[in-house]
Number of protein chains: 2
Amino acid sequence: MARAATTSDAFNAVAEPQRRRILVLLKGRERPVNELARALRITQPRTSKHLRVLREVGLVRVREAGQQRLYGLEARGLQPVHEWVIGFEQYWNENFDRLNEYVKKLQQKEHADGKRS
Amino acid sequence: MARAATTSDAFNAVAEPQRRRILVLLKGRERPVNELARALRITQPRTSKHLRVLREVGLVRVREAGQQRLYGLEARGLQPVHEWVIGFEQYWNENFDRLNEYVKKLQQKEHADGKRS
DNA sequence: TTGACATATGCCGATATGGACATATATTTG
DNA sequence: CAAATATATGTCCATATCGGCATATGTCAA
């Protein structure tokens, strides 16, 4: 077998730096391809290809506007990523460390109390 | 130029399904390589390679324990991902839509009041 | 219709990757 | 030390990409 396809879901689409930048640029307002290309300082073809990936995984939508196409953010597609990551929040949060210590102390106390009674 | 390296940051490390599963398995407790391999039903070498990637981007830490190595979650490495994604929350949240409508109505009201006064 | 402008695609080259296998390296035991 | 157990690595294969370039497709204006 070979390398697994990587441009098939939001996680992979977002793994590409340029694509992340595109999404950031689309916050708030739609933009035509050339504008994005200029902003990112990359060629138009490359921009179109990234946009295609983003479109295929549902992170952007297109709207025809005369001779140009306006790309807009489809943020809902980022929810799976958010939900997955948020599942780890408690593990990096300082509060978690404190809670952990607290629980530890509590257990020691319980232990002591247990012995005592 | 050629393809950009993809296993150099958390975003890319997490783009791989198996690696995501490994991280999930490491929530709460450390685990030796073989246990992970069995749980994921993938070969040990493959598991070690995924762990290497995760280690290089700082998402897991290793601890020698006799003849085995215990891998533990280093959730802090996921913060950049979380922070990036959270920046889009308002755009997918329904509340945002409601807030938007609310603001719009408020502005109309202000407008009306302005006219009236 | 022709020309200018905006995008999308196809093709090629260089390289990164995931996976399977065999094997090297360590550590613990007998 | 030798055997067993646990991991890490190197090699080979097939394929997925990213990027550049040339070019096809589509749209609007004169």
Side-chain angles (χ1 to χ4, degrees), chain A residues 1-23 25-26 29-73, chain B residues 1-23 25-26 29-73:
Chain A
M1 240 174 276
R3 181 186 199 186
T6 66
T7 35
S8 38
D9 61 30
F11 283 95
N12 284 294
V14 156
E16 226 289 324
Q18 307 282 29
R19 287 198 284 262
R20 280 203 298 280
R21 296 176 62 197
I22 288 180
L23 293 179
L25 284 170
L26 293 182
R29 72 162 176 288
E30 299 177 315
R31 290 180 193 255
V33 180
N34 270 327
E35 193 181 317
L36 290 170
R38 261 195 317 260
L40 299 178
R41 291 160 170 280
I42 61 179
T43 66
Q44 170 270 308
R46 195 94 294 275
T47 308
S48 284
K49 284 180 187 174
H50 280 315
L51 285 169
R52 178 176 186 169
V53 173
L54 291 172
R55 201 190 330 139
E56 289 176 344
V57 301
L59 285 175
V60 300
R61 61 180 134 51
V62 211
R63 185 165 67 83
E64 316 253 332
Q67 88 199 102
Q68 50 187 12
R69 306 206 178 178
L70 298 179
Y71 280 83
L73 183 64
Chain B
M1 239 177 274
R3 182 187 198 182
T6 66
T7 34
S8 39
D9 61 29
F11 283 95
N12 285 294
V14 157
E16 228 286 325
Q18 308 280 29
R19 287 197 285 262
R20 280 203 297 281
R21 297 176 62 198
I22 287 180
L23 293 179
L25 285 170
L26 294 181
R29 72 162 176 288
E30 299 177 315
R31 290 179 192 256
V33 180
N34 270 327
E35 193 180 318
L36 291 170
R38 259 197 318 260
L40 300 178
R41 290 162 170 280
I42 61 180
T43 67
Q44 170 270 309
R46 195 95 294 276
T47 308
S48 285
K49 283 182 186 172
H50 281 315
L51 285 169
R52 178 177 186 167
V53 173
L54 292 172
R55 201 191 330 140
E56 288 176 345
V57 301
L59 285 175
V60 300
R61 60 179 135 54
V62 209
R63 185 166 66 84
E64 317 252 332
Q67 92 200 99
Q68 50 187 14
R69 306 205 179 179
L70 298 179
Y71 280 83
L73 183 63

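Convention: sequence-line order gives letters A, B, ...; per-chain numbering from 1. No experiment lies behind these values; they were computed from the predicted model shown.
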Round to a whole Å and report the spacing from [atom1] of [X] to [atom2] of [N].
X: H50(B); N: dG19(C); atom1: NE2; atom2: C1'; answer: 8 Å
X: R21(B); N: dG18(C); atom1: CZ; atom2: C1'; answer: 15 Å
X: L54(B); N: dA8(D); atom1: CG; atom2: C1'; answer: 15 Å
X: R19(B); N: dG19(C); atom1: CZ; atom2: C1'; answer: 13 Å
X: E56(A); N: dA16(D); atom1: CD; atom2: P; answer: 13 Å

For DNA chain C, the residues among residues 61-72 of chain B that have a non-hydrogen atom under 4.0 Å from it: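 By residue number: G66(B), Q67(B).
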Any residue meeting salt bridge (Lys or Arg N to Asp or Glu O under 4.0 Å) with E30(B), in chain and number order, not counting sequence neighbours: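 E30(B) satisfies salt bridge (Lys or Arg N to Asp or Glu O under 4.0 Å) with R61(B), R63(B) only.
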With R41(B) via salt bridge (Lys or Arg N to Asp or Glu O under 4.0 Å) - residues at least two apart: none
R52(B) side-chain N/O to dT9(D) phosphate OP1/OP2 under 4.0 Å: yes
Could you work out, with side chain to side chain donor-acceptor pair (under 3.5 Å) as the rule, every residue matching [X], not counting sequence neighbours?
X: Q67(B); result: none
X: R46(A); result: none
X: R29(B); result: none
X: R52(A); result: E56(A)

Minimum-distance nucleotide (side-chain atoms of K49(B) versus dG19(D), dA20(C), dA8(C)): dA20(C)
Selection: residues 29-47 of chain B, any non-hydrogen atom under 4.0 Å of DNA chain D: P32(B), V33(B), N34(B), Q44(B), P45(B)
Residues which pass side-chain contact (heavy atoms from CB on, under 4.5 Å) with P17(B), listed by chain and number, not counting sequence neighbours: R20(B)
Short side-chain to backbone donor-acceptor contact, R55(B) and V62(B), under 3.5 Å: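 No, because the side chain of R55(B) does not come within donor-acceptor range (under 3.5 Å) of the backbone of V62(B).
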